[in-house]
Amino acid sequence: MAEETTKQVIEDDPIEVRKAKRAALIEAGENPYGHAFHYTHHLTDLDEKYASLEDGTSTEDEVDVAGRIMAKRVQGKIAFFELRDATGDIQLFCRINALGEEVFASMKDLDVGDWIGVHGTMMRTKRGQLSVAVTGYELLSKSLRPLPEKFHGLADKETRYRQRYVDLVMNPEVKSTFEKRFKIVAAIRRYMEQQGFYEVETPFLHPILGGANAKPFVTHFNALDRDYFLRIATELPLKRLLVGGFEKVFEIGRQFRNEGMDPYHNPEFTTMEAYQAFSDLDGMMELTQGFIQAAAMEACGTLQVTYQGTEIDLSGEWRRATMMELASEHAGEEVSFDRTREELVAILEKNGGHAEDAWGKGKLISEIFEAVAEEKLVQPTFVCDHPLEISPLAKKKADNPELTERFELFICGHEYANAFNELNDPVDQAERFRAQVEAKDMGDDEAMGYDADYIRALEYGMPPAGGVGVGIDRLTMLLTDSATIRDVLLFPHMKDEAPSSGKAAAARAAKAEAAEAASEPESIDFSKVVIEPLFEEQVDFDTFSKSDFRAVKVKECVAVPKSKKLLQFTLDDGTDADRIILSGIHAYYEPEELVGKTLVAIVNLPPRKMMGVESCGMLLSAVHEEKVEGDATEERLNLLMVSDRIPAGAKLY
């Protein structure tokens, strides 16, 4: 009875069935994980070579092929397998008369997912299917876990991202995306080398934060007994090489910024940065257009591409325009430094933006550009003459010190490249480094450090130069028509995997719940907390009751591009339609930690446009201040989170 029960358990568990087959092979003296196999053809080569083979024709042409079994069908003394290698698929035609009873029986016992090497001859069935008539095979790797029957289009895309190896097996279009990525990188590398650039390698570990404003990853260098930063940019090491006499250098490599994730940003990403002595912004525009067009031709075979339903023309000469020109064009009125600050604030707020008191005219012009023009730059456009206020490390324009010698390339409403006439004045650079150090001392953890060695390098003299950086991941998204950066990263970073369902998961959850109940409650020090005084004015009940408070569940949460404060929530409010709410709480929460939470929102506020997005409602938070140093205080915020047992749309009273 016990033996029957064990057998039943094994038959109900496909993994256990396969493990039993593996054990049986080993017991019989066979190796279920094979050895090197020398194939004679890839499968697509056979398709091309035998394209004219007539239906019902057999040949004596012997071939050796290898791949993974993707399907099998047994019909008495005949079996059909679908074999897939790195290039394509082919049918295997297996007959007991050709293989013998023992080999045919062992082939029938193979599972979908197994890797095999096959010996056979070429034929085409009467139904027109090109096939290999199998005369022998070798098991190269036994698959213990069955492939899913349906893996494409899962509601939970995280499963596909986390198990990319299965995604590549089950979804050929995913493999095609990454093949295009490889071609894009190779095409850029070839183009840069053809232009006379040397590809160089610079350190990943930096003792000083520099080259950009970003929050770093920090690690400890044991041999030197000090903390180092994973690089946030390759700029400063590359420009040192210009000082050393190299004229044209570039690097393709990973950067690391300890920041949030959204459809266009990942903390670990790939860039190409290039620097050319004696060049300028015009030279960088020509270079940028050249390598992007080369990448498009290699990956797509055309300069007319489609991104998320929008036609993009990458051919010809790309438009060049100033930021103020584009802001004025799309705002319908003049946007310039000639306007008063109050006039610029009015233009920004009229177009759905919000002005901070600390912003000067330069920042306001940039915000107006983002509000009215940025998303409308569909065709490639070089946006030039950025205000100094938003480009503190860029070289000032000689004829207008309020502007800088900088451009950004926009396509389909997103930035793809950033370029500068590089600052080569060591005195000016030292002053800017000191300003960054002051900002860091004031609590800006994205500010750069003072790089004394880089100043020393500039003091030896760096020639005038142009520099450009391009995001490889974002460019790959454009050229593969991918909606999110995770679709073009082989192994995107993910949250910890949720526990599987079933008795084991329930046991783990019960254990965790019991441990939590038995643990001491968290000790919270409220001695430094400053609470805002209660309002003395009263509001009548009828007015208050008009606010519709609802429980909402977070389906998706992403950082809003170009904003360091805003998070965009996609919420289930109990209706059939998703509700979008923007909230300025990114300083307190990372988007991924809020997905799945149950929050409280006011849902009957009129829509408000923020950063070009209609925000329909407001999430409720508890806000207080805490004393930090002396009389100084900092604002702290906590989103109101309620029990997951409360259904979406439940009204609060």
Heavy-atom pair of closest approach, residues A419 and M284: CB-CB, 4.2 Å

Ring-face cation of R231 near F229 (centre distance under 6.0 Å, axis angle within 45°): no

Exercise: do E273 and Y275 side chains pair donor with acceptor under 3.5 Å: yes

N-O pairing of E422 and K239 below 4.0 Å: yes

Residue pair E334 / S336: nearest heavy atoms and the distance that separates them: OE2-OG, 2.8 Å

pair F291-Q195: side-chain heavy atoms closer than 4.5 Å: no

Pairs where residues 449-468 contributes a residue and the test ring-ring contact (aromatic ring centres under 6.0 Å, His included) is met, not counting sequence neighbours: F433-Y450

Derivation and outcome, side chain to side chain contact (heavy atoms under 4.5 Å, CB included), residues M297 and L303: CA-CA 6 Å; M297 288 302 299; L303 296 180; 3.8 Å; yes

Side-chain H-bond candidate by donor/acceptor type, T271 with Q255, under 3.5 Å: yes

Derivation and outcome, side chain to side chain contact (heavy atoms under 4.5 Å, CB included), residues D282 and R320: CA-CA 10 Å; D282 288 335; R320 304 179 181 188; 3.2 Å; yes

Shortest non-hydrogen separation from Y588 to R636 and the atoms involved: CE2-CA, 3.9 Å

Salt bridge (Lys or Arg N to Asp or Glu O under 4.0 Å) pairs, two or more places apart, involving residues 398-407: R406-E408

Test log, rule side chain to side chain contact (heavy atoms under 4.5 Å, CB included), inputs M477 and I485: CA-CA 7 Å; M477 289 173 61; I485 195 170; 3.9 Å; yes

Side-chain donor-acceptor pair present, E251, T234, cut-off under 3.5 Å: no

Chi angles and distances behind the salt bridge (Lys or Arg N to Asp or Glu O under 4.0 Å) call for R189, E193: CA-CA 6 Å; R189 179 173 281 116; E193 291 173 347; 5.1 Å; no

Contact check, side chains of F407 and M285, non-hydrogen atoms, under 4.5 Å: yes

From CZ (R474) to CD1 (I411), nearest 0.5 Å: 11.0 Å

Residue pair D313 / Q379, side-chain donor-acceptor N/O under 3.5 Å: no

Any side-chain donor near an acceptor of the partner, R240 and T202, under 3.5 Å: no

Derivation of the side chain to side chain contact (heavy atoms under 4.5 Å, CB included) call for Q304 and I312: CA-CA 6 Å; Q304 280 69 45; I312 308 294; over 6 Å; no

Between E268 and H493: side-chain donor-acceptor atoms closer than 3.5 Å: yes

Test: K376 and E329 ion pair at under 4.0 Å: no

Pair D473-R181, salt bridge (Lys or Arg N to Asp or Glu O under 4.0 Å): steps then yes or no: CA-CA 8 Å; D473 308 307; R181 181 187 176 110; 2.7 Å; yes

Where at least one partner belongs to residues 327-369, residue pairs that pass ring-ring contact (aromatic ring centres under 6.0 Å, His included), sequence neighbours excluded: F369-F410

Closest contact, heavy atoms only, A321 versus R319: CB-NE, 3.9 Å

Donor-acceptor contact below 3.5 Å, side chain D385 vs main chain T322: no

Worked verdict on D425 versus K395 for salt bridge (Lys or Arg N to Asp or Glu O under 4.0 Å): CA-CA 9 Å; D425 179 347; K395 205 169 190 177; over 6 Å; no

Modelled atom types, side-chain donor and acceptor of T270 and R254, under 3.5 Å: yes

Where V305 and T302 come nearest, the two heavy atoms and their spacing: CG1-O, 4.1 Å

Side-chain donor-acceptor contact under 3.5 Å, H414 with Y264: yes

T219 side chain vs Y228 backbone, donor-acceptor pair below 3.5 Å: no

Check against salt bridge (Lys or Arg N to Asp or Glu O under 4.0 Å), K180 and E298: CA-CA 8 Å; K180 286 184 177 180; E298 183 66 27; over 6 Å; no

Minimal non-hydrogen separation, S482 against V488, with atom names: OG-CG1, 3.6 Å

